[in-house]
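What follows is one structure encoded as structure tokens, with my remarks underneath.
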Amino acid sequence: MAKTFQQLTQILDELRVAERSIGLVPTMGALHAGHLSLVERSRVVADTTIVSIFVNPTQFAPTEDLAKYPRPLERDLEQLQKAGVSVAFVPEVAEIYPDDCTTSIVAPRVAQQLEGEYRPSHFGGVCTVVLKLLHLIPAEVAFFGEKDFQQLAVIRQMAKDLNLVTRIEGCPIIRESDGLAMSSRNVYLSTAEREIAASLNQTLSFVEGQINQGETDGHILMAEMRQRLIDAGVSDIDYAVLAQPSNLEIVDEVTEDCVALIACHVGQTRLLDNRVIQVD
Ligand code: PAF
């Protein structure tokens, strides 16, 4: 495990000498099967997989769960070892953000709607840390989950805008047996809340079914999504929308492939889910 830049540099030097290609899986730890699927993909694509574990403070607003975000480091490292990952990069906050660090990234336009409306500083923090990681680690490919659909769109756009050489690859959502999308925040849910949380995936299946049966009115579909979530007991819906996958603009009339996106609270826990819906 590398904790400091110095330790990381030493490992990278050895990899360079051995001419091994690097796959980077950036994470905030509390690893689950979703993260391990990114690792698995990286191990297919690259010679060496580096997993970073860093709970990035700049992507949390002061009101959010930075202090209580789960940090089961030993368990994470064990899981990585079992998954065949030989390099974990686990820096301290002071190493990534020294006191005199005042430069940050302005996230691309696709960051502004949806999550951007509810978490205005979030994607700036994500972009800043991802760019720092990509500067530190000369990865050929970096892997991100499609569960955070907008994050993936933002990172892809940043990589394009800033001419990054690392290829950005998205990996499919991994779900629990009840359909709940895997997330490190699922540990916050009580048993009763877990049942309600399953309604996110059910709502996505419902809207996909409606579209497959020929409903094209985006506003009817979005109202139905919202109603389903309310009926299931979801307390607070930030958005339940249909959007264009490329720019996340809201879809009024479904005429081509679109993405259904949900962000809502179940109890105190904010959950996200999405599904790309193919239109014939
Ligand atoms: O998706 C996450 O876990 C984080 O947003 C990321 C990409 C590791 C940046 O901190």
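These numbers come from the heavy atoms of this one structure, side chains and all, not from hydrogens, waters or symmetry mates. This structure is a prediction, so every number in the text was calculated from the model and none was measured. In listed order, ligands and their atoms are each counted from 1.
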- Message: If you compare all heavy atoms of F89 against all heavy atoms of T4, which two are closest, and at what distance to 0.1 Å?
- Response: CE1-O, 4.0 Å
- Among non-hydrogen protein atoms, atom 3 (O) of ligand 1 lies closest to M28 CG, 3.7 Å
- Step by step, would you call E95 with K132 a salt bridge (charged side-chain N to carboxylate O under 4.0 Å, His left out)? CA-CA 11 Å; E95 185 116 53; K132 276 173 167 276; over 6 Å; no
- Query: Of all the atoms in ligand 1, which lie at a distance below 4.0 Å from a heavy atom belonging to V129?
  - Reply: 9 (C), 10 (O)
- Is it true that the side chains of N212 and E208 contain a donor and an acceptor less than 3.5 Å apart? no
- Check whether the side chains of N201 and R275 place a donor and an acceptor atom closer than 3.5 Å, and report yes or no. yes
- Nearest to atom 1 (O) of ligand 1, what protein heavy atom do you find, and at what distance? Q151 NE2, 2.8 Å
- Query: Which bit of T27 gets closer than 4.0 Å to ligand 1, counting heavy atoms only: side chain, backbone, both or neither?
  - Reply: backbone
- Test of proximity, Q59 against ligand 1: N or O pairs below 3.5 Å: yes
- Intermediate values then yes/no, side-chain contact (heavy atoms from CB on, under 4.5 Å), I211 and C258: CA-CA 10 Å; I211 292 172; C258 61; 4.2 Å; yes
